[in-house]
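In what follows, a structure is listed as structure tokens, so that the remarks can point back to it.
This one's a predicted model, so the numbers in the text were calculated from it and none came from an experiment. Only heavy atoms go into these numbers, but all of them, side chains included; no hydrogens, no water, no symmetry mates.
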2 protein chains.
Amino acid sequence: MTAARRLIDRDGWRKLTMRRLATEADAAPTTLYHHFRDKDDLLAQLLNDYADTIPRPDLPDAPRERVLVAATLIHDSLAAWPWIVEVLAADDLTGESALWMVEAIIAGAIDCGCTPEEAVDLYRSVWYFTVGEILVRANAERRRADPQRPNRRDAVLGEADPARLPHLAALADRWPALVSRNTYPQGLRALVDGLLPHGHTEE
Amino acid sequence: MTAARRLIDRDGWRKLTMRRLATEADAAPTTLYHHFRDKDDLLAQLLNDYADTIPRPDLPDAPRERVLVAATLIHDSLAAWPWIVEVLAADDLTGESALWMVEAIIAGAIDCGCTPEEAVDLYRSVWYFTVGEILVRANAERRRADPQRPNRRDAVLGEADPARLPHLAALADRWPALVSRNTYPQGLRALVDGLLPHGHTEE
DNA sequence: ACCTGAACACCGTTCAAGT
DNA sequence: ACCTGAACACCGTTCAAGT
């Protein structure tokens, strides 16, 4: 497991193969199959171990703040190890040891006057937004780090036809700077305030 | 290209390999490399071709509606071929022929009184939300279709400790029904209304 | 120009055999 | 119980050779 984490941190999770992991752990590839059912099982255990390390701070009393803090905690935990998202996106936020954050969001929403259905909807929207943010930024980062392909996006945007795409053409050269800013907090706040019953925002 | 599309629709994009594609197209695997630089190049061409087929309806005059309609169009186009998201998430919405939707969102936001910076931020939030929604739902669908693993998520939720996770435990049996509903429109509206200057919502 | 077979350097996983 | 080598059925890609 430690070898696996080392390998991911050094070379990225796409390079984590059973064979490389075996080499890193000084064992035969086949040996791994006596400790893990298969590769998915290994990844799942890696995920659960990580979830257990997430600190569990006291959440604020005000329910709206509680929702925001819990969501930000999920976000920051994922941002620290973004490859998780690609493995995880499938099952909502499965893994026993991470469920308390989901509970915190749903409880906060209910305390703000949501019905249970509305609370689940709010959680799901927050989860979609968070997953998307992490994923897009992680991939952008990966491409940036890869000196290979010189960023097709900037090229496409640079050639934008000012007649058909006036705003994009005007913004083309500022685009890289604009998209590198962190807008998660504003987006999250907009989403939460839009989905909580009125009168519970900004309190 | 037609063979590639056929293969993806039949077996899923994870099964699209150069070798299988070659077989499908009655050619040697190596032949493909005279038509595409590599596999990424093939995928990129597949993407661009698809973007060209997206219908281009007249957008409403009211700027807020324009933002919502353009975002929903992006969403629905991706939902129809969700594997695209995994290839695409990297570069924002690259590909010349899809940029008009980005332009529509940014123009709508500016017409609502946003600064260009705010308009780009709004577009990015919408993009994150949309990517997350498609990705999570596509993966959930894939798992559901795979009779193999019997859904770890429901199991984990079913065992939720009512003392520590009261709301989740109470919602456990309704969870599958709750998460299968389509909440994209509400989430999108909340996000957009929260990020547009006040006074421009619901007009 | 277009296509090909042989080859290289990889994958995940199984299985019978060893200690 | 734990580990292993040999093997199977795959990958993407290159390259010299054919038409």
Hey, does the side chain of A/His35 come within less than 4.0 Å of D/dA1's phosphate (OP1/OP2), counting only N and O? no
Under the rule for side-chain hydrogen bond (donor to acceptor under 3.5 Å, both in side chains), what residues qualify as partners of A/Asp76, not counting sequence neighbours? none
Contacts of B/Arg37 meeting side chain to side chain contact (heavy atoms under 4.5 Å, CB included) (sequence neighbours excluded), chain-then-number -> B/Asp41
Only distances under 3.5 Å count here; give the side-chain donor-acceptor pairs of residues 21-30 of chain A to other protein atoms, sequence neighbours excluded, each with its distance to 0.1 Å.
residue: A/Thr23; atom: OG1; partner: A/Arg19; partner atom: O; Å: 2.8
residue: A/Glu24; atom: OE1; partner: A/Arg10; partner atom: NH2; Å: 3.0
residue: A/Glu24; atom: OE2; partner: A/Arg6; partner atom: NE; Å: 2.9
residue: A/Glu24; atom: OE2; partner: A/Arg6; partner atom: NH2; Å: 3.3
residue: A/Glu24; atom: OE2; partner: A/Arg10; partner atom: NH2; Å: 2.9

Could you pull out all residues at least two apart from B/Ser97 that satisfy side-chain hydrogen bond (donor to acceptor under 3.5 Å, both in side chains)? B/Asp52
Throw together a table of side-chain donor-acceptor distances under 3.5 angstrom for residues 167-174 of chain B, partners on residues two or more places apart or in other chains.
residue: B/His167; atom: ND1; partner: A/Glu103; partner atom: OE2; Å: 2.9
residue: B/Arg174; atom: NH2; partner: A/Glu117; partner atom: OE2; Å: 2.2

What distance, rounded to whole Å, do you find between the two P atoms, one in D/dC10 and one in C/dA9? 22 Å
Partner set under ring pair (Phe, Tyr, Trp, His ring centres under 6.0 Å) for A/Trp81, not counting sequence neighbours: A/Tyr50, A/Trp83
Centroid-centroid distance, A/Phe129 to A/Tyr184, less than 6.0 Å: yes
Interface residues of residues 1-11 of chain B with DNA chain D (non-hydrogen, below 4.0 angstrom): none
My understanding is that only residues two or more places apart in sequence, or in another chain, count here; which of them pass side chain to side chain contact (heavy atoms under 4.5 Å, CB included) with B/Arg14? B/Glu86, B/Asn139, B/Arg142
Who pairs with A/Arg181 by side-chain hydrogen bond (donor to acceptor under 3.5 Å, both in side chains), at least two apart in sequence or on another chain? B/Asp121
B/Tyr33: side-chain hydrogen bond (donor to acceptor under 3.5 Å, both in side chains) partners, not counting sequence neighbours: none
Tell me: CZ of A/Arg14 to C1' of C/dC11, nearest whole Å? 16 Å
Stem finding on DNA chain D, please: runs of three or more consecutive Watson-Crick or G-U wobble pairs, both distances under 3.5 Å, sorted by first number. C:4-8 with D:12-16, C:12-16 with D:4-8
Output one letter per nucleotide in nucleotides 12-19 of chain C: B when a protein non-hydrogen atom lies under 4.0 Å from the base, S when only the sugar-phosphate is that close, - when neither is. BBBB----
